[in-house]
Amino acid sequence: MAAVGGRRLLVSDFILSFMWVWSSVLIKILVHKILGYGAHDLKGEILRYGISIVNMFFFAFLVKATKGGAYNPLTILSSAISGDFSNFLFTVGARIPVQVLGSIYGVRLILAAFPEIGRGPRLNVDIARGALTEGFLTFAIVIISQGLSRKIPGSFLMKTWITSVSKLTLHMLGSDLTGGCMNPASVMGWAFARGEHISKEHLIVYWLAPMEATLAAVWAFRVIVRPEKFETSKMKSGKSD
């Protein structure tokens with residue numbers, strides 16, 4: 001049963017990663033080509049951000065429907081760090097590579113269908129500033145996600161709303177510098193298409209910095225927020241005294 005569940009997760013990860021890179025392109029096509037809004041049109045930008053939030057709700061539903069499928073390596077990495085070693089190995093050795101493959105094939109199909117669509121996120125600053133930017137954005141969203149899972153574990157709509165707005169806000173903050181991606185797999189898809197997937201800029205800014213920020217955020221959350229089991233045992237011991 002465990003092997004079947006693992007294969008199901010891998011298939012779900014591939015499909016969701018494939019769909020995620022397509023979703024951002026389709027939103028741009030809808031807003032700028034079909035509806036005719038300009039690149040810097042305020043109404044167009046508001047509409048695009050609104051559709052993006054709806055899109056994140058849709059993917060949150062897909063994650064729930066697939067019972068744990070994911071399209072972002074940082075999401076499953078933060079969970080794997082807190083789990084057992086076998087789950088960590090499965091995440092790093094299988095799930096993350098499958099998500100990368102899904103993104104690569106998704107971008108390939110995008111460029112075959114819409115060759116004029118562009119080349120994905122690009123680094124517009126030096127490596128150090130880019131790494132700090134992606135690291136800060138990742139640290140912030142991981143801390144927010146950890147806090148939501150702790151404080152409101154059962155509220156799907158509220159949790160998804162806060163997460164979606166937070167991701168969109170952080171994306172806007174970093175979009176002019178690094179693209180505000182916070183998703184190494186989707187960036188890898190575009191970088192592979194450009195032949196830049198093994199460049200120093202890509203590896204440091206879009207992989208190393210977010211991974212380190214994820215580790216730092218999980219560690220910081222553990223230090224700042226005590227585990228619920230510890231708090232419960234402390235309350236029981238206080239009552240017994």
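In this chain, residues are counted from 1 in sequence order. Note that this is a predicted model, so its numbers are computed, not measured.
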### Task
Measure the acute angle between the ring planes of Phe59 and Trp20, then classify it against the limits of 30° and 60° as parallel, tilted or perpendicular.
perpendicular
#### Entry: Tyr37 and Leu30, any side-chain heavy atoms less than 4.5 Å apart
no
#### Entry: Intermediate values then yes/no, side-chain contact (heavy atoms from CB on, under 4.5 Å), Gln146 and Arg222
CA-CA 10 Å; Gln146 295 270 318; Arg222 285 180 179 177; over 6 Å; no
### Message
Membership question, hydrophobic clusters at under 4.5 Å side-chain separation (ILVMFWY): are Leu132 and Leu177 in the same one?
### Response
no
List the atom pairs, donor and acceptor, that lie under 3.5 Å between side-chain atoms in residues 198-206 and the rest of the protein, sequence neighbours left out.
residue: Ser199; atom: OG; partner: Glu196; partner atom: O; Å: 2.8
residue: Ser199; atom: OG; partner: His202; partner atom: N; Å: 3.3
residue: His202; atom: NE2; partner: Trp207; partner atom: NE1; Å: 3.2
residue: Tyr206; atom: OH; partner: Thr178; partner atom: O; Å: 2.7

### Query
For the atom pair CE (Met188) and SG (Cys181), what is the distance rounded to the nearest 0.5 Å?
12.5 Å
### Query
Checking side-chain contact (heavy atoms from CB on, under 4.5 Å) for the pair Leu10/Phe90: CA distance, chi angles, key distance, verdict?
CA-CA 10 Å; Leu10 293 179; Phe90 177 64; 4.0 Å; yes
## Note on the structure
Between Gly130 and Leu123, the two heavy atoms sitting closest are CA-CD1, 3.8 Å
### Message
I need the Leu170 CG to Thr138 OG1 distance, nearest 0.5 Å.
### Response
9.0 Å
### Query
Between Phe139 and Leu215, is a side-chain contact (heavy atoms from CB on, under 4.5 Å) present by the stated rule, with each step listed?
CA-CA 9 Å; Phe139 184 89; Leu215 295 173; over 6 Å; no
### Message
I need the minimum non-hydrogen distance between Ser186 and Val21, along with the two atoms involved.
### Response
CB-CG1, 3.8 Å
### Task
Quick one: pull up OG in Ser103 and CZ in Phe192 and give me the separation to the nearest 0.5 Å.
12.0 Å
### Task
State plainly whether one hydrophobic cluster holds both Ile144 and Val63, where clusters connect Ile, Leu, Val, Met, Phe, Trp and Tyr through side-chain heavy atoms under 4.5 angstrom apart.
yes
### Task
Hey, could you give me the CE/CG distance between Met172 and Leu168, rounded to the nearest 0.5 Å?
6.0 Å
### Query
Is any side-chain heavy atom of Thr163 closer than 4.5 Å to a side-chain heavy atom of Leu148?
yes
### Summary
Residues Val142 and Ser78: closest non-hydrogen pair is CG1-CB, 4.3 Å
### Message
Are the side chains of Phe58 and Met19 in contact, using a 4.5 Å heavy-atom criterion?
### Response
yes
#### Entry: Where Trp22 and Leu109 come nearest, the two heavy atoms and their spacing
CZ2-CG, 3.6 Å
### Query
Linking I/L/V/M/F/W/Y whenever their side-chain heavy atoms sit closer than 4.5 Å, directly or via other members, would Ile96 and Leu208 fall into one cluster?
no
Would you list the atom pairs, donor with acceptor, under 3.5 Å between side chains in residues 49-57 and any protein atom, with sequence neighbours excluded?
residue: Tyr49; atom: OH; partner: Glu45; partner atom: OE1; Å: 3.3
residue: Ser52; atom: OG; partner: Arg48; partner atom: O; Å: 2.8
residue: Asn55; atom: ND2; partner: Ser23; partner atom: OG; Å: 3.2

### Message
Looking at Asn124, I'd like to know if its CG atom is crowded, meaning that more than 12 non-hydrogen atoms belonging to other residues, nucleotides or ligands lie closer than 6.0 Å.
### Response
yes
### Query
Does the pair Phe88 and Leu77 meet the rule for a side-chain contact (heavy atoms from CB on, under 4.5 Å), with working shown?
CA-CA 8 Å; Phe88 177 80; Leu77 180 63; 4.0 Å; yes
### Query
Are any non-hydrogen side-chain atoms of Lys64 and Phe156 less than 4.5 angstrom apart?
yes
## Note on the structure
The reported gap from CG in Asp41 to CG in Leu35 (rounded to nearest 0.5 angstrom) is 11.0 Å
### Query
Hey, is CZ on Arg129 packed in by over 12 heavy atoms from elsewhere, all under 6.0 Å?
no
### Set of residues satisfying salt bridge (Lys or Arg N to Asp or Glu O under 4.0 Å) with respect to Lys33, sequence neighbours excluded
Glu116
### Message
For Ala193 versus Val107, what's the shortest heavy-atom pair and its separation?
### Response
CB-CG1, 3.9 Å
### Summary
Rounded to the nearest 0.5 Å, the CG atom of Asn183 sits from the CD atom of Glu134 at a distance of 9.5 Å
### Query
Hey, quick one: are Leu111 and Leu26 part of the same hydrophobic cluster, counting side-chain heavy atoms closer than 4.5 Å, chains of contacts allowed?
yes
#### Entry: Joint hydrophobic cluster, Met182 plus Ile81, side-chain heavy atoms closer than 4.5 Å
yes
### Query
If you look at every heavy atom in Ala70 and Ser17, which pair is closest and at what distance?
O-OG, 3.9 Å
